[in-house]
> 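Following this message is one structure expressed as structure tokens.
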2 protein chains.
Amino acid sequence: MTTTAVLGTGAIGTAAGSALLRAGYDVVAWNRTPDRAHALVSAGARRAVSAAEAVDVSALVLVAVTDQAALGDVLEALDDLTGTVVVGLCTGTPSQVAMNDRRVRERGGILLGAGVRSSPDAYASGAGSLLVSGPRPSYDEHRAALDLLGDVRWVGEQPQAAATLDLVLFGLWYDAQLGLLRAVGALAAAGVDPAGLVPDLAAQLDHVRADVAPAIDQLRTRSFPRGPADLREHLVLLSSLRGERLLPLGDGGLGPVVERLQELVDAGRGGEGLTALLDA
Amino acid sequence: MTTTAVLGTGAIGTAAGSALLRAGYDVVAWNRTPDRAHALVSAGARRAVSAAEAVDVSALVLVAVTDQAALGDVLEALDDLTGTVVVGLCTGTPSQVAMNDRRVRERGGILLGAGVRSSPDAYASGAGSLLVSGPRPSYDEHRAALDLLGDVRWVGEQPQAAATLDLVLFGLWYDAQLGLLRAVGALAAAGVDPAGLVPDLAAQLDHVRADVAPAIDQLRTRSFPRGPADLREHLVLLSSLRGERLLPLGDGGLGPVVERLQELVDAGRGGEGLTALLDA
């Protein structure tokens with residue numbers, strides 16, 4: 001059975017290591033502050049005196065430090081990762097993950113990125129949710145160990161794909177939520193009581209929700225039916241919306257959108273639908 | 001019974017006039033191209049040779065021309081609107097409606113703005129949906145006639161409030177829909193297949209939908225509980241989102257949002273929730 005290193009034995013590292021130990025895995029634990037490895041060692045892990053010692057005997061290395069910056073520090077202190085798959089069980093931006101991917105590759109290893117979405121308790125009991133990304137063969141090789149943590153989804157070949165997905169989901173929430181705040185604020189400023197308008201505002205979000213699958217399909221097939229309006233009509237509406245939007249939270253960045261719409265209309269694509277905005 | 005003028009006898013004007021005629025109202029019709037008043041005259045309306053003649057005998061004036069620019073032209077050609085309530089049954093931006101409100105007041109009349117949301121057929125059969133705004137006493141005075149068109153909602157004292165509401169609802173749709181396109185585009189660019197992520201993306205919109213009523217209530221009561229994150233945490237997330245968002249549709253205008261967040265955090269309000277962004 002594969003020996004697994006757990007570097008960083010805070011809440012998440014201890015939880016992940018415990019799940020592996022319970023399934024009979026051989027686990028080697030290291031923490032910068034040795035005392036903090038105590039819980040995992042008590043549960044059956046071997047203690048390493050350095051990260052390098054733990055990595056040397058392991059084919060799978062789980063790094064559960066504070067964030068990708070701390071992961072970078074751990075990697076910088078290692079000389080050789082030949083033959084090991086490193087899983088970064090910590091948050092960070094896609095560009096931070098991409099930088100750590102370079103560090104791992106320079107040392108001969110392969111990095112899998114991860115989006116940590118659950119509490120330590122959930123991972124310890126095998127009921128966590130985890131996004132993983134990076135080279136598929138490396139994921140497949142260590143899938144059995146990762147599956148011990150719970151519902152694990154592989155989302156793409158790039159190690160930074162899981163972090164991108166996390167950020168994208170936050171981004172959609174912010175775009176919609178900031179839109180809601182702009183809407184409610186603009187109504188209040190115009191002397192319109194928003195309280196009676198909850199169904200009207202909710203209906204707009206329902207329309208977008210219903211468009212998630214069609215929009216994905218349209219981009220995949222590169223066919224952009226006009227839907228409720230075509231690009232010429234969207235251009236008129238968005239231009240007037242942009243001009244009237246004197247809001248404390250800005251205009252939602254409509255400028256680049258209007259410019260892109262104008263380009264598409266000028267290119268003779270005015271009869272297509274809004275999804276064509278993303279067509280290269 | 002009040003004599004009602006219908007200025008502009010295209011589809012909407014003819015539909016509105018028909019609904020009033022059927023209820024026994026006295027209707028005077030005028031159109032710039034006289035032939036086009038034929039349908040309404042056949043249905044029982046009297047024909048006026050000028051807009052001024054129609055307005056002179058009417059307490060309620062429905063203007064159903066192409067848009068607020070055309071309404072402005074009609075108003076400029078009139079000298080006196082003393083004692084009349086003008087309803088602008090046509091689309092336009094809030095600032096266009098405000099300009100026409102000044103024109104009506106200069107002539108001694110009162111303008112009600114309207115958001116036209118249904119087909120002519122729906123209004124003709126009394127099943128239309130109409131937003132109306134402007135001085136409440138004037139709305140109440142003519143409510144019985146307007147109710148003949150269908151479900152009529154008064155939304156505020158300013159004549160431009162109905163147009164503002166229309167624009168605000170479009171704005172929320174665009175903010176959320178553009179957020180969806182940015183999300184799907186960013187996933188595709190990162191090599192992540194968005195098709196498997198429909199439930200994840202939809203869930204983000206559901207969270208916002210669930211926040212419509214609470215957000216309205218928080219702004220009304222000016223209490224801003226932190227919710228899923230406080231302003232300090234939002235600032236960190238939004239700053240990193242802004243930095244990583246290299247998208248063809250721009251960053252969603254996060255710049256002013258990040259600046260406003262920083263102001264609130266600097267003012268010691270970092271423990272509050274996102275709705276505080278709109279607190280003056």
Side-chain angles (χ1 to χ4, degrees), chain A residues 93-95 155-158 161 164-165 167-188 190-192 194-195 198 200-202 204-205 207-209 211-213 215-216 219 237-238 240-241 244 248-253 256-257 260 274-275 277-278, chain B residues 93-95 155-158 161 164-165 167-188 190-192 194-195 198 200-202 204-205 207-209 211-213 215-216 219 237-238 240-241 244 248-253 256-257 260 274-275 277-278:
Chain A
T93 63
S95 56
V155 295
E157 281 289 327
Q158 299 177 13
T164 299
L165 175 55
L167 204 65
V168 161
L169 292 175
F170 276 126
L172 174 56
W173 184 83
Y174 276 114
D175 285 339
Q177 183 78 15
L178 291 168
L180 171 62
L181 294 184
R182 288 189 193 98
V184 173
L187 290 174
V192 179
V198 173
D200 303 78
L201 294 161
Q204 300 303 83
L205 295 165
H207 293 318
V208 178
R209 189 193 197 286
D211 202 40
V212 174
I216 289 171
L219 284 171
L237 267 167
L238 270 174
S240 106
L241 183 63
E244 298 273 335
L249 298 185
D251 75 352
V257 178
R260 181 83 185 111
L274 200 65
T275 313
L277 277 171
L278 286 179
Chain B
T93 63
S95 55
V155 295
E157 281 287 328
Q158 301 177 13
T164 300
L165 175 53
L167 204 65
V168 161
L169 291 175
F170 277 124
L172 174 55
W173 184 82
Y174 276 114
D175 285 339
Q177 183 77 16
L178 291 169
L180 170 62
L181 294 184
R182 288 188 192 98
V184 173
L187 290 174
V192 179
V198 172
D200 303 77
L201 294 161
Q204 299 303 82
L205 294 165
H207 292 318
V208 178
R209 190 193 196 286
D211 201 40
V212 174
I216 289 171
L219 283 171
L237 267 167
L238 270 173
S240 104
L241 183 63
E244 297 274 333
L249 298 185
D251 76 351
V257 177
R260 181 80 186 112
L274 200 65
T275 312
L277 276 171
L278 286 179

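We use all heavy atoms of the structure for the numbers below, so side chains are in, but hydrogens, waters and symmetry mates are not. Below, read A as the first sequence line, B as the second, and so on, with proteins coming before strands; counting in each chain starts at 1.
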> Can you tell which of B:Val198, B:Leu274, B:Leu169 has the highest number of heavy-atom pairs within less than 4.5 Å of chain A?
B:Leu169
> How long is the gap from OG1 on B:Thr93 to CD on A:Glu244, to the nearest 0.5 Å?
4.0 Å
> Using a cut-off of under 4.5 Å on heavy-atom pairs, state which of B:Thr164, B:Leu238, B:Val257 scores highest against chain A.
B:Leu238
> State which residues pass side chain to side chain contact (heavy atoms under 4.5 Å, CB included) with A:Leu237; sequence neighbours excluded, sorted by chain then number.
B:Phe170, B:Tyr174
> Donor-acceptor pairs are to be reported for all side-chain atoms of residues 177-185 of chain A against protein atoms at under 3.5 Å, with residues two or more places apart or in another chain.
| residue | atom | partner | partner atom | Å |
| --- | --- | --- | --- | --- |
| A:Gln177 | NE2 | B:Asp211 | OD2 | 2.4 |
| A:Arg182 | NE | A:Gly250 | O | 3.3 |
| A:Arg182 | NH1 | B:Asp175 | OD2 | 3.4 |
| A:Arg182 | NH2 | A:Leu249 | O | 3.4 |

> Report which part of B:Arg260 has an atom under 4.5 Å of a heavy atom belonging to chain A: side chain, backbone, both, or neither.
side chain
> If you count heavy-atom pairs under 4.5 Å between each of B:Ala161, B:Ala176, B:Ala213, B:Pro256 and chain A, which one has the most?
B:Ala176
> What's the shortest heavy-atom distance between B:Leu172 and A:Leu201, and which atoms?
CD2-O, 3.5 Å
> Below 4.5 Å from any heavy atom of chain A, which atoms of B:Ala188 appear? Answer side chain, backbone, both or neither.
neither
> Return the option, out of A:Pro248, A:Gly171, A:Ala195, with the maximum number of heavy-atom pairs under 4.5 Å with chain B.
A:Gly171
> What residue, out of A:Leu241, A:Leu219, A:Val192, has the most heavy-atom pairs lying under 4.5 Å from chain B?
A:Leu241
